[in-house]
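In what follows, every heavy atom counts, from backbone to side chain, and hydrogens, waters and symmetry copies are set aside.
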Amino acid sequence: MLNSSPTLTFQAIRGLRQGDSLSPLLFVIGMEYLSRLFRSVEGQYGFHSRCKKTKLSHLCFADDLMLFYKGNVPSVRVLHQCIQAFSNTSRLQANASKVAIYIAGVTSTNRAAIGALTHFPFGSLPFRYLGIPLSSKRLSIAECEQLADRINSRIRG
């Protein structure tokens, strides 16, 4: 209907655009589905050693997703199957230029097998996420001071 009169049908050719007010809601719905996929296979993978107590397997923030799993092939295989199921259902694909696998304390054999399974590139630790250095080790005092100085300067400004 257009101005209370029937019109010809039309074919929608564009989806959501960046900045669309529905985008955050759709992201939350999509990540809820992915979270349920991960929970459905919870006994089939190993948690990262530092995430085992809290059973933390992933974090979703803004339009980013971080996955924390044990660095062995069976765990990564289950994780990869969940991502494939999500991709097949939602028709969303991981952006290969923005994806990286960060591994610490894994043998070169496991690293090669994980790379062959996922076909994602490997990143190196430490790296920065939202201005905060992320590492497999504790942050040094210098890194914490740098972050505290930035926060203090924003508060003063």
Side-chain angles (χ1 to χ4, degrees), residues 1-48 50-71 73-103 113-136 139 143-144 146-157:
M1 301 289 283
L2 180 63
N3 295 330
S4 302
S5 302
T7 64
L8 298 174
T9 60
F10 60 92
Q11 184 69 28
I13 57 173
R14 298 223 179 205
L16 291 176
R17 295 185 183 159
Q18 189 170 358
D20 193 309
S21 58
L22 280 178
S23 294
L25 177 62
L26 290 175
F27 176 76
V28 169
I29 291 170
M31 291 303 101
E32 177 61 27
Y33 172 65
L34 185 61
S35 295
R36 288 177 186 215
L37 281 174
F38 291 146
R39 267 183 265 149
S40 72
V41 295
E42 192 170 289
Q44 300 176 32
Y45 60 79
F47 287 100
H48 185 276
R50 295 192 180 193
C51 302
K52 195 173 196 172
K53 189 184 289 185
T54 59
K55 292 190 173 185
L56 175 69
S57 61
H58 61 285
L59 290 173
C60 305
F61 180 73
D63 60 350
D64 296 325
L65 173 67
M66 289 187 181
L67 307 171
F68 307 101
Y69 289 88
K70 191 169 188 170
V73 175
S75 292
V76 173
R77 183 175 287 117
V78 170
L79 162 72
H80 195 255
Q81 288 169 350
C82 286
I83 292 171
Q84 289 297 328
F86 174 79
S87 181
N88 292 339
T89 303
S90 66
R91 300 204 178 189
L92 295 172
Q93 300 271 331
N95 186 340
S97 66
K98 295 182 178 182
V99 174
I101 297 175
Y102 297 92
I103 294 181
I114 289 168
L117 176 67
T118 63
H119 302 291
F120 292 137
F122 289 98
S124 60
L125 293 170
F127 70 98
R128 293 182 97 64
Y129 179 70
L130 299 176
I132 300 171
L134 298 180
S135 175
S136 61
L139 293 176
E143 290 168 326
C144 290
Q146 189 179 46
L147 183 60
D149 290 343
R150 287 181 52 204
I151 292 170
N152 283 331
S153 68
R154 287 230 174 171
I155 291 171
R156 286 187 202 120

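- Side chain of Ser75 to backbone of Gly46: a donor-acceptor contact under 3.5 angstrom is found.
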Per-pair distances, 0.1 Å, donor-acceptor, side chain in residues 37-45, under 3.5 Å, sequence neighbours excluded:
unit_1	atom_1	unit_2	atom_2	d
Ser40	OG	Leu37	O	2.6

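- For the pair Phe86/Leu92, a side-chain contact is recorded, criterion being any heavy-atom separation below 4.5 Å from C-beta on.
- Closest approach of Ala94 to Val99, counting heavy atoms only: CB-CG2, 3.8 Å.
- Side-chain contact between Thr54 and Phe47 is absent, with no heavy-atom pair separated by less than 4.5 Å.
- Phe61 places a side-chain heavy atom less than 4.5 Å from the side chain of Leu130.
- Distance alone, capped at 3.5 Å, places no donor-acceptor pair between the Asn3 side chain and the Ser5 backbone.
- Applying the side-chain hydrogen bond (donor to acceptor under 3.5 Å, both in side chains) rule to pairs touching residues 24-35 yields Glu32-Arg36, Tyr33-Thr89, Ser35-His58, sequence neighbours excluded.
- Leu134 has its side chain within reach of Met66: a pair of non-hydrogen atoms, C-beta onward, lies under 4.5 Å apart.
- Considering only heavy atoms from C-beta on, Thr118 comes within 4.5 Å of Val76 through its side chain.
- Residue Pro126 comes nearest to Ser135 through the heavy atom pair CB-CB, 4.0 Å, listed as atom of the first residue, atom of the second, then distance.
- The shortest non-hydrogen separation linking Pro24 to Ser21 is CD-O, 3.5 Å.
- Judged as a side-chain hydrogen bond (donor to acceptor under 3.5 Å, both in side chains), and not counting sequence neighbours, Ser57 has no contacts.
- Looking at heavy atoms from C-beta onward, Leu34 lies in side-chain contact with Leu65 at the 4.5 angstrom threshold.
- For residues 91-103, the pairs satisfying side-chain hydrogen bond (donor to acceptor under 3.5 Å, both in side chains) are Ser87-Gln93, Asn95-Ser97, with sequence neighbours left out.
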Given side-chain contact (heavy atoms from CB on, under 4.5 Å), test Phe122 with Ile103 step by step and report yes or no.
CA-CA 8 Å; Phe122 289 98; Ile103 294 181; 3.2 Å; yes
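- With sequence neighbours excluded, the residues that form a side-chain contact (heavy atoms from CB on, under 4.5 Å) with Phe27 are Met31, Cys60.
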Using a 3.5 Å cut-off and no angle test, enumerate the donor-acceptor pairs between side-chain atoms of residues 78-85 and protein atoms at least two apart in sequence or in another chain.
none

